[in-house]
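Right, one structure below, let's go through it.
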Protein chains: 2
Amino acid sequence: MSLRDAREEAPRAVTMSDVARIAGVSLKTVSNVINDYPHVRPTTRARVTEAIEELGYRVNATARNLRRGRTGLVGLAIPDLGESYFGELANAVVDVADGMGLSVLIEPTRADAASELEVLTNDRRSMTDGLLFSPLLLEATDLRRAVAASPFPIVLLGERVFGVGIDHAVMANIEGTRAATAYLIERGARRIVAAGAPPVREPDPRLVDVAEDGLTRELTTSSEALRLEGYRRALADAGLPFDPDLLLPTGPWRRSTGAAALSDALDADLDFDGVVGFNDAVALGALHTLQIRGVDVPGRVQVIGFDDLDEAAYATPALTTVAPGRVEIAKTALDLLALRLEGSTEPASLRVLPFHISARDTTR
Amino acid sequence: MSLRDAREEAPRAVTMSDVARIAGVSLKTVSNVINDYPHVRPTTRARVTEAIEELGYRVNATARNLRRGRTGLVGLAIPDLGESYFGELANAVVDVADGMGLSVLIEPTRADAASELEVLTNDRRSMTDGLLFSPLLLEATDLRRAVAASPFPIVLLGERVFGVGIDHAVMANIEGTRAATAYLIERGARRIVAAGAPPVREPDPRLVDVAEDGLTRELTTSSEALRLEGYRRALADAGLPFDPDLLLPTGPWRRSTGAAALSDALDADLDFDGVVGFNDAVALGALHTLQIRGVDVPGRVQVIGFDDLDEAAYATPALTTVAPGRVEIAKTALDLLALRLEGSTEPASLRVLPFHISARDTTR
DNA sequence: TTGAAAGCGCTAACAT
DNA sequence: ATGTTAGCGCTTTCAA
């Protein structure tokens, strides 16, 4: 009815001046009311509020943004919303941003280096105040250059570590995997398979002295390499031998590849009593194979994952996993960004976030 | 270096007038070049382009949006990005929108009726030109009222059907499940379990004459009910009896609930040779249980799902499933929205989209 | 405590 | 083919 007619007649939307006119006050006063400026007489405020109500006024965010010079929008560039991990991360970012009065413009980069670069110079960049970026494929040098040239603040988030010079909220890849591995060892596992390890068995030469306290000197590598490093350290901590035969590369970290890797291991009569899945998908796939093959979990083989996806809790048996603190990551990344938005010129910081182990039923 | 200094000194960003000045032309000409207005002399265009290059000019989307009266942003309200189905749907919407020059502001509503309502009157609504909405919990009447009162166009997308009066791009719930069931029947299945059926065993009384051609008279119901209806029809088509014992309610459609439902069925010695999972998660869970229990799939029991998640293709055996045409849904919904954005006052239309069956290895 | 007025950066009539 | 100019709707000095 009236509203529909209104739309058809292409009426001017109601503006602040309409409100001002009806309320018998000036623009400034309406603005004051809307923006909760304290020094407004209660009666005036009431009149304005009433007029707003009556006219169904809503502020025009575009005009406000133009005037203020900011949009309240931040970009979130992630590889793929179809992957549970990124979907859940996006959920977390949106929630946290909401609490800060920010909105999130999510831009999937489709696991494609070109679109990862493109996202930095997109048309959308002029609608956002800053960018949260989770690159997957971009070379560290390309990234560093592009970020340095960007007129807006960028914060990296997620898994990969690219070195200093860029604000960065990362999960504790090394310490998380180390703790996961140690968790199995504490529970009696001695021969622990690393499902999702990188195909190369030597330590990554680029991985130099990776401390997880922000004091890192040089660190440019993949999460595979970082998680492998955590696994190695846990073995070393426990005085257990490092056996390359226990490294199961999977390629992409999916259920199917995890399942296949374990199938192969079983077929090859590999001797093992624990599985560290480098992420939950791989761990869940591994668990699947073990169950089909009739291997008792956790009795004969214990399994632990990494990510704490919702699904992990619902698997049978429920998957023990490293919870990397998605909300913490989101919160830290947004805080870092907010600081830059306020004009901070502090040196870039790398924040490695606390994690914990969600103990469930695939471990003893 | 220079760009960083620039940021620290809080310099005016370069504007169109700067470009105009450097190029020695007027604002209008710069605008013409930027917007690919055809009647610009090549030499002029070159000069402008050069100035743009030199200054590193980027148009200010906010100013443009204010002037144009549109933002080029559409909202996408979906329950939860952590669910693969919605993540993949969001991917599709973003891709299609990209091709239309639109950006997508994704807003998870967290399976909460209040936030589903709230999304319609959000602050973000003044930054978007229209809204794609996939409600899960909202009562049909509430929704209808809210949509009617909205000053911006809304298109519903996804699964539930709310009745006429609202533009709507839906998947073929009934026909898809009917085809899925028929597919198993054609391959010899006779006692087919419906995993994910609603707990009530009577046909939904609200489900009256649901045609899937837009000529629907009355249709206000859940996707559970619609898919059950498809299942019933396929049985009827084949002259097979409808046995309520074969209806396996799961509650939420997840792997875990699908797995549990099949476990119970097996424990109860239920006699069946086919499983129609009401979505892929349920089907995948069912498949999992069947494999653990040593039931030969597809030899002894055939399984088919609904959604065609990426994961379905990677399961072992790969899951046969109904592909509901996510991209088609996205495309149709955005086309519908674009029409309204252009001012169309056509009556609202319900588009039920074509689907197909992705034949894989869980069926013969 | 409120008002007047300028202007954010752009597009699009309207001129020429 | 290009220039002039008036706003889009808001926030924000500056005054009163």
Side-chain angles (χ1 to χ4, degrees), chain A residues 10-49 51-52 55-73 101 123 125-129 151-152, chain B residues 10-49 51-52 55-73 101 123 125-129 151-152:
Chain A
R12 249 182 55 277
V14 12
T15 76
M16 249 175 64
S17 341
D18 299 325
V19 176
R21 193 162 26 75
I22 299 294
V25 299
S26 78
L27 270 187
K28 177 61 165 47
T29 304
V30 180
S31 177
N32 282 345
V33 170
I34 286 169
N35 297 293
D36 287 320
Y37 181 72
H39 306 298
V40 178
R41 203 176 304 157
T43 60
T44 316
R45 182 183 299 280
R47 248 185 317 145
V48 171
T49 310
I52 289 177
L55 296 172
Y57 169 74
R58 312 236 49 205
V59 330
N60 177 324
T62 306
R64 165 182 283 179
N65 292 343
L66 175 59
R67 185 53 236 235
R68 287 191 176 160
R70 334 180 281 96
T71 61
L73 254 188
D123 272 0
R125 288 292 68 69
S126 74
M127 325 194 35
T128 56
D129 297 334
F152 51 85
Chain B
R12 249 183 54 274
V14 13
T15 76
M16 249 175 62
S17 339
D18 299 325
V19 176
R21 193 162 25 74
I22 299 293
V25 298
S26 77
L27 268 188
K28 177 63 165 50
T29 304
V30 179
S31 178
N32 283 344
V33 170
I34 285 168
N35 296 294
D36 288 319
Y37 181 72
H39 305 298
V40 179
R41 202 177 305 157
T43 59
T44 316
R45 182 182 298 278
R47 250 186 315 147
V48 171
T49 311
I52 289 177
L55 296 172
Y57 169 73
R58 312 236 50 205
V59 331
N60 178 324
T62 306
R64 165 183 285 180
N65 292 343
L66 175 59
R67 185 53 234 233
R68 287 191 177 159
R70 333 181 281 98
T71 61
L73 256 188
D123 273 359
R125 289 292 69 69
S126 76
M127 327 193 33
T128 56
D129 297 334
F152 50 85

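So that the names make sense, note that chain A is the first sequence line, chain B the second, and so on, each numbered from 1.
- Tested against Val30(B) for a side chain to side chain contact (heavy atoms under 4.5 Å, CB included), the candidates Ile22(B), Thr49(B), Val19(B) yield a single pass: Val19(B).
- At the heavy-atom level, Thr44(B) lies under 4.0 Å from the strands shown only through sugar-phosphate atoms.
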Please tabulate, one pair per line, all N/O donor-acceptor pairs under 3.5 Å involving side-chain atoms of residues 38-47 of chain B, not counting sequence neighbours.
residue	atom	partner	partner atom	Å
Arg45(B)	NH2	Tyr37(B)	O	3.2
Arg47(B)	NH1	Ala23(B)	O	2.9

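- Ala20(B) and Leu27(B) make their closest contact through CB-N, 4.0 Å (heavy atoms, listed as atom of the first residue, atom of the second, distance).
- Separating the OH atom of Tyr37(B) from the P atom of dA13(C) is a distance of 11 Å, rounded to the nearest angstrom.
- In this entry the distance linking CG of Leu66(B) with P of dA6(D) reads 17 Å, nearest Å.
- The nearest whole Å value for the distance from the CZ atom in Arg70(A) to the C1' atom in dC10(D) is 14 Å.
- At whole-Å resolution of the value, CZ in Arg47(B) and P in dT2(D) are 8 Å apart.
- Look at CG on Asn65(A): it is 14 Å from C1' on dC8(D), rounded to the nearest Å.
- Checked by atom type and distance alone, the side chain of Asp129(B) never pairs as donor or acceptor with a backbone atom of Arg70(B) at under 3.5 Å.
- Summary of the strand contacts: Arg41(B) and Thr15(A) both lie near DNA chain D, and taking for each the nucleotide with the nearest heavy atom, the more 5' one is attributed to Arg41(B).
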When every nucleotide of nucleotides 11-16 of chain D is labelled 5' to 3' by its protein contacts under 4.0 Å (heavy atoms), B for base, S for sugar-phosphate only, - for none, what sequence of letters results? BBB---
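- An OP1 or OP2 oxygen of dT2(D) is reached within less than 4.0 angstrom by no side-chain nitrogen or oxygen of Thr29(B).
- Within the structure, side chain to side chain donor-acceptor pair (under 3.5 Å) pairs that include any residue of residues 55-64 of chain B comprise Asn35(B)-Arg64(B) (at least two apart or interchain).
- In summary, the side chains of Thr71(A) and Asn65(A) do not present any donor paired with an acceptor at a separation below 3.5 Å, with no hydrogens or angles considered.
- Of the side-chain N and O atoms in Ser26(A), one or more sit less than 4.0 angstrom from OP1 or OP2 of dG3(C).
- Atom CG in Asn60(A) sits about 11 Å away from atom P in dC8(D), given to the nearest Å.
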